[in-house]
Amino acid sequence: MSTTAETEKTIWVHIWRGKDEGRHVSYEVPARENQTVLDLVTEVQRYHEPALAYRFACRVGVCGSCAMTVNGRPRWTCRTHVKRVVEGGEITIEPLRNMPRIKDLACDMGEFFDKWQKAGGKFKGKATRREPPMAVDPESRERKNADAGIECINCGVCYAACDVVAWNKDYLGPAALNRAWTLLNDERHADHAGLLEMATSEGGCASCHTQGNCMTHCPVGISPTRSIAGIKKMSLVDLLRGRAR
Amino acid sequence: MMEARLFALQRLTAMLMGPFVIVHLLVILYAVRGGLSAEEILARTTSSVIWPLFYMLFVVAAAIHGPIGIRNVLREWSPLPLHVGNWIAALFAAVLLVLGLRAVWAISGWAG
Amino acid sequence: MRHSPRRHRNYVAFLGHRLSGIALAIFLPFHFLALGLALEGAGSFDAFLAFADIPLVKMAEWGLVVLLALHLFFGLRILVLEFMPWRSDADDRAGLIGWGAGGALALGLVFLLGVF
Amino acid sequence: MRIERSKTDILILGTGGAGLFAALHAKQADPDCEVTLVAKGLLGKSGCTRMVQGGYNVALGEGDSIERHFMDTIHGGKWLPRQDLAWRLCVGAVERVRELENEVGCFFDRNPDGTLHQKAFAGQTFDRTVHKSDLTGIEIINRLMEQVWNLGVEKLEEHRAIELIPAKDGSGVAGVLLIDIREGVYRFVQARAVLLATGAGPTMYLYHTPSGDKTCDGLAMALRYGLKLRDMEMVQFHPTGLLGGLRTRMTGTVLEEGLRGAGGHLLNVDGERFMTRYDPRGERATRDVVSRGIYAEMRAGRTTPMNGVYIKMSHLGPENVRRMFPGMVKRCADSGFDLAGGVVEVVPTAHYLMGGVEFEVDASTASPGLFAAGEDCGGVHGANRLGGNGVANSTVFGGIAGDSMAQFVRDGAPLRDPDETVIDEGIARAEVPFGQKRGDLFELRERLSQAMWDDVGVMRDAAGIARGKAKLVEQTDELDGCGLPDGDRTFNLTWHDWLNMKSLTMISEVIATAAEARTDSRGAHYREDFPETGDLETTAYTSVSLQDGKPRVEMVPVDFSVVKPGETLIEDEPAGKSAVA
Ligand SMILES: Cc1cc2nc3c(=O)[nH]c(=O)nc-3n(C[C@H](O)[C@H](O)[C@H](O)COP(=O)(O)OP(=O)(O)OC[C@H]3O[C@@H](n4cnc5c(N)ncnc54)[C@H](O)[C@@H]3O)c2cc1C
Ligand code: HEM
Ligand code: SF4
Ligand code: F3S
Ligand code: FES
């Protein structure tokens, strides 16, 4: 287990407490060798502030529940090593931007998921459970496009990072459009025309100004910027060809 | 559909204006050497039907492109509701078109 | 609370492009007005051009050339990102930002050399 | 005490593979039926289905068969599975995978010819594991979430079930008592049918893999309600859990199986490749064997600084490791370790509970209206679960449960009047910590997990189990005396930690009781004092019920309804390509 020298060191953690009205409260917690930001928050909850609200589930970066604003940037906290973000022995932790707050570090992700649906993110199949899966060429350009964006954990980090989301409440946001793009590249999907219509209408891909905050911050390395660009191109090409998918 | 159309128009006009701006910039750089004079400018622009046509297209493209951009900026950076932004953008497009075409008319020499 | 995480090149390019676009949009009507003066005959146009000779005005013009060039280059970058294939997920062609900004300044320099 | 009440037709507890599939199928069977989904965390974002890495077992390949999948499951389960359930699993998996691909939209990996790629998974005689790279669970759950969002189901996110409420007249289930975590209030939802799909999860061990929201609540509720739990001594340990040091949440999380399969070495602190001493297959032996090998090294004191052993991949070439296991390398790097070039400390970690609620092939239980599916259920896997059969289990039986519940409601299931005394008791139990002297809950939690690890863990014997049980009795009392500040109940995680502990200590006692009763070693259960596997023909399973507040165990003979020990369903042995791991 950890050595005594280690446990003597401490970190100051400044945590947002409250809902929209609130304040930062500072806590001094022991610094440990392999600590993540989530561990810091847990330490505060366990030993300082029993009623502190935050959210996590998987601890390994697949559930996308634990995202918070850490020293001003949105991050998944379960896989953010403290050493990578600590500034002068201090860390400020706040709820994600661009989402309604519930309490302390927990946000309401409802709107994020509503927009996911609004962008058309729902598969409609052509086949049923009585038929074998459709053959799909793993090397096709479409399949590779889909693969590039499909492992989104819907953590909302990109959504919090994007300024357009903050400026335009109708903007569907990077994650939702990224999902729409993977579906547009899914040859098994039955309604590409309807999907493209949804992804390009009010608040859709045209609202993205290629700011790139999303791809800079996506913890799993997805580039919604690229995916959204793909939708833009598809929408332009289709419009020029007078074609619906 | 409207958003998709506006988007397409803005990008298409941008693609069109790309080369136009390059030409325009080169002309400016060439023209400003040793100071501008009205004769010099007019001599060039009235020399051929190509120049007025060039500027006319340029104006139309800019009058489409700019207002669409302004619409986005207003939506994101001002508290105005979207329909107000739409009107401002449309008005702006009209202003650009009228003033722009008037300017092309002026330098074309076609007025006589 | 600190604001959005904006300290990276792509965001700077966005801002540069937007601000230059706005400036151009504001400038364009005046530009057209000036050219339109040619209607009233070469005389008043020349008077205008004389006004345009004032150094301060020259500087403003310089600014506009740079802005136009900047908006052009950053706009082309957006078109490249949107319509050309990406070679990888991280292929944000950040190089274009440097080249674009540099190109705009270079053009500005040539403009200045031409003027003075 | 303020309590809000509402009604629904079908109430589903849990939004993993089992819960979401149940909702989907119930709505497909009867769109007018009111369905309410309850999740302790966010819908689809809590639970372990999302964490599935390896994939989904299904007999689709040329040369494979349902019989072969079934026989692998029975062999893996050491003849302990309930055979009709295991058979239903293997049959159902075929339909379910096609449904996931064709209707739900999962985009599984393909072979060059466009068919589904199926990979090898330990303990199986055929490459039958369908997957989406090594993040299969994300794909399954994300697509399921999308389907379920627009079904018109009622969503109660961040609601915790604390008690199954029987009907006043004892005729069946009346509904479920919940705590609205965000608001900090109690809610009683009355329902015609209730599905228990809270995913169990052996998180009472010092090292464990499941998501933090899983704390055996469902099992504890079922037991109090009067249902029986079977095979509870069967706790699967995964050999390579990450060690991150004191009070790190990453500790215990899985480093994937493939690392050993690909040729990774396990070393003790002296740098010795010890596994060959325990099994000729070395690191490639099955999960239980490797876990015991590591545990034996640990007990012999040949441990690394954080009390485990090293896994070393670098001899395969750091570049290769990075290419083959990008996700694992990145995850280790995020936590501060170099998997590709250095060594990483690992330890066996509690992964899966084979045991659970006794249920039927149609997902019903002994109580009318109460259904169960997924990891909360026992009997499908017997003494050990094959990698890839976990998510098959939750999705196959989840779907079946949805169909059954819709039918049950359509057949005129009544809304039963609840037994109010049970509601009152449920609330009283949850209120225990408030108003008591503040205690150190986390010290208690650490002691519980240490006790289970030391005494009822990877290797067991009578003395250890007895010791463990004694500690548990003590800890149960301590927990009831461990108070919390009585203030803000909204989103009060420490209150929920207390409730988690309540479920965990109860189920720990059940595990210990079942482990004590099984006096042979098989599958995941290893008794040092009874190292041999008993007679297969007379195989019996443990069945625990609550009597006067104490777990009582009964040994029930297994009914070999499909195949008997020594027999097989496979005619020409062995066919097709065979997997080794
Ligand atoms: C790291 C890891 C990797 C795995 N890899 C594989 C694999 O490769 N292949 C395989 O077949 N299996 C794998 N498994 C096992 C498999 O994930 C699970 O067995 C299966 O998905 C369980 O599904 P479920 O629906 O029963 O429960 P879960 O998916 O765990 O869902 C449980 C749900 O119940 C909710 N819940 C819990 N308590 C309460 C309560 N009190 N009130 C309300 N809601 C509650 C949770 O919030 C959650 O929504 C893995 C497991 C883990 C942990
Ligand atoms: C050189 C040719 C031009 C190119 C290639 C170009 C390109 C672009 C592109 C691609 C955009 C979209 C940015 C986005 O929404 O993300 C844009 C926006 C804009 N353009 Fe241009 N443009 C050009 C000329 C002009 C001119 C002459 C004007 C002046 C009227 C102008 C004004 C604007 C404005 C105001 C915006 C909105 C800025 C924003 O939303 O960020 N552009 N331009
Ligand atoms: S795209 Fe990346 S940042 Fe955005 S929600 Fe998905 S995983 Fe999170
Ligand atoms: S940050 Fe926002 S503006 Fe576009 S590129 Fe990403 S969505
Ligand atoms: S806790 Fe699941 S992503 Fe961090």
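Proteins get letters first, then strands, A, B, ... in listed order; numbering begins at 1 in each. Worth knowing before you read on, the calculation uses all heavy atoms, side chains too, and leaves out hydrogens, waters and symmetry mates.
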What are the two closest non-hydrogen atoms of A:Val62 and D:Arg50, and how far apart are they?
O-NH1, 2.8 Å
Could you have a look at D:Arg489, D:Glu157, D:His25 and say which one has the most heavy-atom pairs with chain A under 4.5 angstrom?
D:His25
Step by step, work out the side chain to side chain contact (heavy atoms under 4.5 Å, CB included) result for D:Lys45 and A:Ile153.
CA-CA 9 Å; D:Lys45 291 169 86 70; A:Ile153 59 171; 5.9 Å; no
Residue, of D:Met250, D:Gln147, D:Arg247, D:His496, that accumulates the most heavy atom pairs under 4.5 Å with chain A
D:Arg247
Under 4.5 Å from a heavy atom of chain A, the part of D:Val94 involved:
neither
Tightest non-hydrogen contact, residues A:Ala57 and D:Ser46, listed as CB-CA, 4.2 Å
I'd like to verify something: which residue of D:His208, D:Lys214, D:Arg96 has the highest number of heavy-atom pairs under 4.5 Å with chain A?
D:His208
May I ask you to name which of D:Leu441, D:Asp497, D:Asp334 has the most heavy-atom pairs under 4.5 Å with chain A?
D:Asp334
Does any backbone or side-chain atom of D:Glu158 lie under 4.5 Å from a heavy atom of chain A? Answer side chain, backbone, both or neither.
side chain
State, yes or no, whether a side-chain contact exists between D:Thr494 and A:Glu49 at a heavy-atom distance under 4.5 Å.
no
Which atoms of A:Tyr47 come close to chain D, meaning under 4.5 Å heavy atom to heavy atom: side chain ones, backbone ones, both, or neither?
side chain
How long is the straight-line distance from CD of A:Glu151 back to CD of D:Glu139, given to the nearest 0.5 Å?
8.0 Å
If we define contacts as heavy-atom pairs under 4.5 Å, which of D:Arg110, D:His117, D:Arg249 has the most with chain A?
D:Arg249
Any non-hydrogen side-chain atom of A:Pro133 less than 4.5 Å from a side-chain atom of D:Asn102?
yes
Rounded to the nearest 0.5 Å, what's the gap from CG on A:Asp39 to OG1 on D:Thr251? Could you check?
8.0 Å
Per-residue contact mode, D:Ile138 against chain A (heavy atom under 4.5 angstrom):
side chain
What's the verdict on side chain to side chain contact (heavy atoms under 4.5 Å, CB included) for D:Phe107 and A:Asn185, showing C-alpha distance, side-chain angles and the deciding distance?
CA-CA 11 Å; D:Phe107 214 178; A:Asn185 281 284; over 6 Å; no
Please give me the minimum heavy-atom distance between A:Arg32 and D:Leu246, naming the atom from each residue.
CD-O, 3.4 Å
Residue from A:Arg84, A:Lys83, A:Arg79 scoring the most non-hydrogen pairs under 4.5 Å with chain D is A:Arg79
What part of D:Lys155 gets within 4.5 angstrom of chain A, counting heavy atoms only: side chain, backbone, both, or neither?
neither
Ranked by heavy-atom pairs below 4.5 Å to chain D, first place among A:Ala106, A:Pro132, A:Ala190 goes to A:Pro132
Please check: side-chain N/O of D:Lys132 versus main-chain N/O of A:Asp147, any donor-acceptor pairing under 3.5 Å?
no
Could D:Arg143 and A:Phe123 be counted as a cation-pi pair, given that NZ or CZ must be under 6.0 Å from the ring centre and within 45° of the axis?
no
In sequence, state the C-alpha distance, the side-chain angles, and the governing distance for A:Arg143 and D:Asp109, and then conclude on salt bridge (charged side-chain N to carboxylate O under 4.0 Å, His left out).
CA-CA 10 Å; A:Arg143 175 70 210 229; D:Asp109 281 354; 3.6 Å; yes
Taking every heavy-atom pair that is under 4.5 Å apart, which of A:Glu139, A:Gln35, A:Met134 has the most such pairs with chain D?
A:Met134
Measure D:Arg438 against the heavy atoms of chain A and call it side chain, backbone, both or neither at under 4.5 Å.
side chain
Largest heavy-atom contact set with chain D, pairs under 4.5 Å, which of A:Gln117, A:Lys126, A:His81
A:Gln117
Could you tell me which portion of D:Phe337 (side chain, backbone, both or neither) has an atom closer than 4.5 angstrom to a non-hydrogen atom of chain A?
side chain
Minimal heavy-atom distance between A:Asn34 and D:Thr248, with the atoms involved, is O-CG2, 3.8 Å
Looking at D:Thr209, D:Asp213, D:Ile181, D:Leu242, which has the largest count of heavy-atom pairs under 4.5 Å with chain A?
D:Thr209
For the candidates A:Ala127, A:Cys78, A:Gly125, which exhibits the highest count of non-hydrogen atom pairs separated by less than 4.5 Å from chain D?
A:Ala127
Separation of D:Glu146 CD from A:Trp116 CH2 (nearest 0.5 Å)
6.0 Å
Spacing of NZ belonging to A:Lys103 relative to CZ belonging to D:Phe491, to within rounding of 0.5 Å
8.5 Å
Between A:Arg188 (side chain only) and D:Cys106 (backbone N and O only), is there a donor and an acceptor less than 3.5 Å apart?
yes
With heavy-atom distances below 4.5 Å as the criterion, would you say the side chains of D:Pro485 and A:Pro50 are in contact?
yes
Rounded at 0.5 Å granularity, tell me how far CZ in A:Arg130 sits from CD in D:Glu99.
9.5 Å
When rounded to the nearest 0.5 angstrom, what distance separates CZ in A:Phe113 from CG in D:Leu42?
7.0 Å
A:Ala135 and D:Asp113: which non-hydrogen atoms are nearest, and at how many Å?
CB-O, 4.3 Å
What part of D:Ser335 lies closer than 4.5 angstrom to a heavy atom of chain A: side chain, backbone, both or neither?
backbone
